[in-house]
Amino acid sequence: MEGKGRAGALAQFRLSAQVISRANGRSSVAAAAYRAGERLHDERLDMPFDYERRDGVEHVEIMLPDHAPARFADRQTLWNEVEAVERRHDAQVAREVQISLPHELTFEQRQELVREFVQTAFVDRGMIADVAMHLPDKDGDERNYHAHILLTTRTVDTDGFGKKERSWNHKETLQDWRAQWADIQNRHLRQHLGPDAPQVTHKSLADQGIDREGTVHLGPTASAIERKGERSERGDTNREIAAANADRADWKSQKRAIEDELAQRAPQQPASPQGLQDEMRKLRDSMVAERAKWQAEIARMETPVVIKAHELRREIVSPARARVIEAERNLEATKARVDRISSRRMNLVSWVRNPQRMIWAKIREVHAMDRARREVARARAALKVRQQWVKGEQGQAYVLAKVDQSRAAAKPIQSQQRTLERKIARVSKRIERIEKLQEKLCVAEKIGVRSLSRPITVRSPDQLVRNVDRAVMKAVGAFSPEQQKRAIEAARAMTRGLGLGR
């Protein structure tokens, strides 16, 4: 995704996250070896993963929280202990975050940028981060500097790993990481390249109020095909999107130019800068009220709940798993009760003198233990049946059908929310343009402009703002630079008090 900077420059933004899971046949040791370009031995699988000949690894390091054991600074020790603490066959052993780095910065500046982001976003939250900074591929985009960050999924203390931290899986956490990465990257770009440095944004095109369709990520396979001069399916998709965006932008530009030309040819009337300021203030207030109405509509909407496939599978299996746990607890309780009663019984003389009662008591104990064991076996069998059903064709079809129904039910509300969010983003941009025009009109008034021409009729508020803006710039441009400077300073002093200045 691309973000637009304050000075109009463009910079690339990317932060993607994925889970390294045993369910997909993956190993955190193998992932760490590949990204670091090292040879690591996986103790759980008893096999080495050797990537020492890999090119393009620029820098690697492990960043630890203050309370983490020092032994985790060794990559092989760290990830083998991660694998050892996970018992489930489908465990999530690690999380990877991949970020694109600004090619405009030097290696030392990129390293400083990555370290600050990793420290604030991950390490300060209690994660261990294994960082690998990579160079662009030899045959790929020479600007593609990027970093892979492997993260632990459990809390850590001086003794080692503790419980899973589920909040790190939340969607809101990922959004926080994206916002942090954009903010820190923009600050470093301005620090090293100056106030006109390219800037990025984590927001989507729709959230920015930009009427343009986003392209799809090519990925390594499609990128390799495109580098050979051949066409890939994703490459063709991006070319179609780019052509459609260009046609849309060209049509809008032509439409705006025709409207402005018609407005300039239309009858004009004089207006004072103060009068136009009042008109712009009313226009801005109406837009602010309209934006507040849309924001209230979004706030009143109930966020639709979309069923996730893994959550539904867990919901199907969880009752059977709960019965297994209950049956196992009952078995343990029965065993403890039998042991306790048997111990007490041996101290009673009446039982010792009556062997028949002793035999019947022992038979009852054996039957009680047998019933408890059979219940555990039945519960485990029922759990296995459910697990196999969920993984089977019928279970998968059921889960997909439920997920599709959930998405279909949520789609109208989500579509309405996105429409309102786009409207809010667009009107916010219009409000910003009007505020800038108000400041320019204030400058015109301070510099001594008495009258400006404006069209009597306009097709839209945007057209009025554009025409008045051109008239202001033309009128102010007739004065000397020194006069303009004094007027700008006086206008900004006034508009700051009104909350309109920058």
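Please read these numbers as outputs of a predicted model, since none were measured by experiment.
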A.B. asks: Quick one: CG on N24 to CD on Q92, what's the gap to the nearest 0.5 Å?
C.D. replies: 9.5 Å

A.B. asks: Without hydrogens or angle criteria, can the side chains of W79 and D42 be said to hold a donor-acceptor pair below 3.5 Å?
C.D. replies: no

A.B. asks: Looking at K164, I want to see if its NZ is surrounded by more than 12 non-hydrogen atoms of other residues, nucleotides or ligands under 6.0 Å.
C.D. replies: yes

A.B. asks: If we ignore hydrogens and angles and just use 3.5 Å, is the side chain of Q109 paired with the main-chain N or O of T106 as donor and acceptor?
C.D. replies: yes

A.B. asks: Is it the case that over 12 heavy atoms from other parts of the model lie below 6.0 angstrom from the CZ atom of F49?
C.D. replies: yes

A.B. asks: Is any side-chain N of the basic residue among K423 and E290 closer than 4.0 Å to the acidic one's carboxylate O?
C.D. replies: no

A.B. asks: Would you mind checking if R54 and E38 are paired as a salt bridge, meaning a charged N to carboxylate O distance below 4.0 Å?
C.D. replies: no

A.B. asks: Taking only Lys NZ, Arg NE, NH1 and NH2, and the carboxylate oxygens of Asp or Glu, determine whether E116 and R187 approach each other closer than 4.0 Å.
C.D. replies: yes

A.B. asks: Taking CD in E315 as the centre, count heavy atoms belonging to other residues, nucleotides or ligands within less than 6.0 Å. Is the count above 12?
C.D. replies: no

A.B. asks: Please work out which of the three classes, parallel, tilted or perpendicular, describes the rings of F117 and W181, given edges at 30° and 60°.
C.D. replies: tilted

A.B. asks: Can you check ring-ring contact (aromatic ring centres under 6.0 Å, His included) on F122 and W177, steps first, answer last?
C.D. replies: CA-CA 9 Å; F122 309 122; W177 291 344; 4.9 Å; yes

A.B. asks: Is a donor on one side and an acceptor on the other found under 3.5 Å between the side chain of R386 and the backbone of I316?
C.D. replies: yes

A.B. asks: Between Q98 and A17, is there a donor-acceptor pair closer than 3.5 Å when you use the side chain of the first and the backbone of the second?
C.D. replies: no

A.B. asks: Taking R39 first and then E52, would you say they form a salt bridge - that is, a charged N and a carboxylate O separated by under 4.0 Å?
C.D. replies: no

A.B. asks: So, are E375 and R378 salt-bridged, with charged N and O less than 4.0 Å apart?
C.D. replies: yes

A.B. asks: Thinking salt bridges, do R71 and E81 make one under a 4.0 Å N-O criterion?
C.D. replies: yes

A.B. asks: Hey, is E58 close enough to R110 for a salt bridge, meaning N to O under 4.0 Å?
C.D. replies: yes

A.B. asks: Using every non-hydrogen atom in the two residues, find where D90 and S21 come nearest and quote the distance to one decimal.
C.D. replies: O-OG, 3.6 Å

A.B. asks: Taking atom CD of Q396 as the centre, report whether more than 12 heavy atoms of other residues, nucleotides or ligands fall under 6.0 Å from it.
C.D. replies: yes

A.B. asks: Any salt bridge linking R115 with E61? Criterion: basic side-chain nitrogen under 4.0 Å from a carboxylate oxygen.
C.D. replies: yes

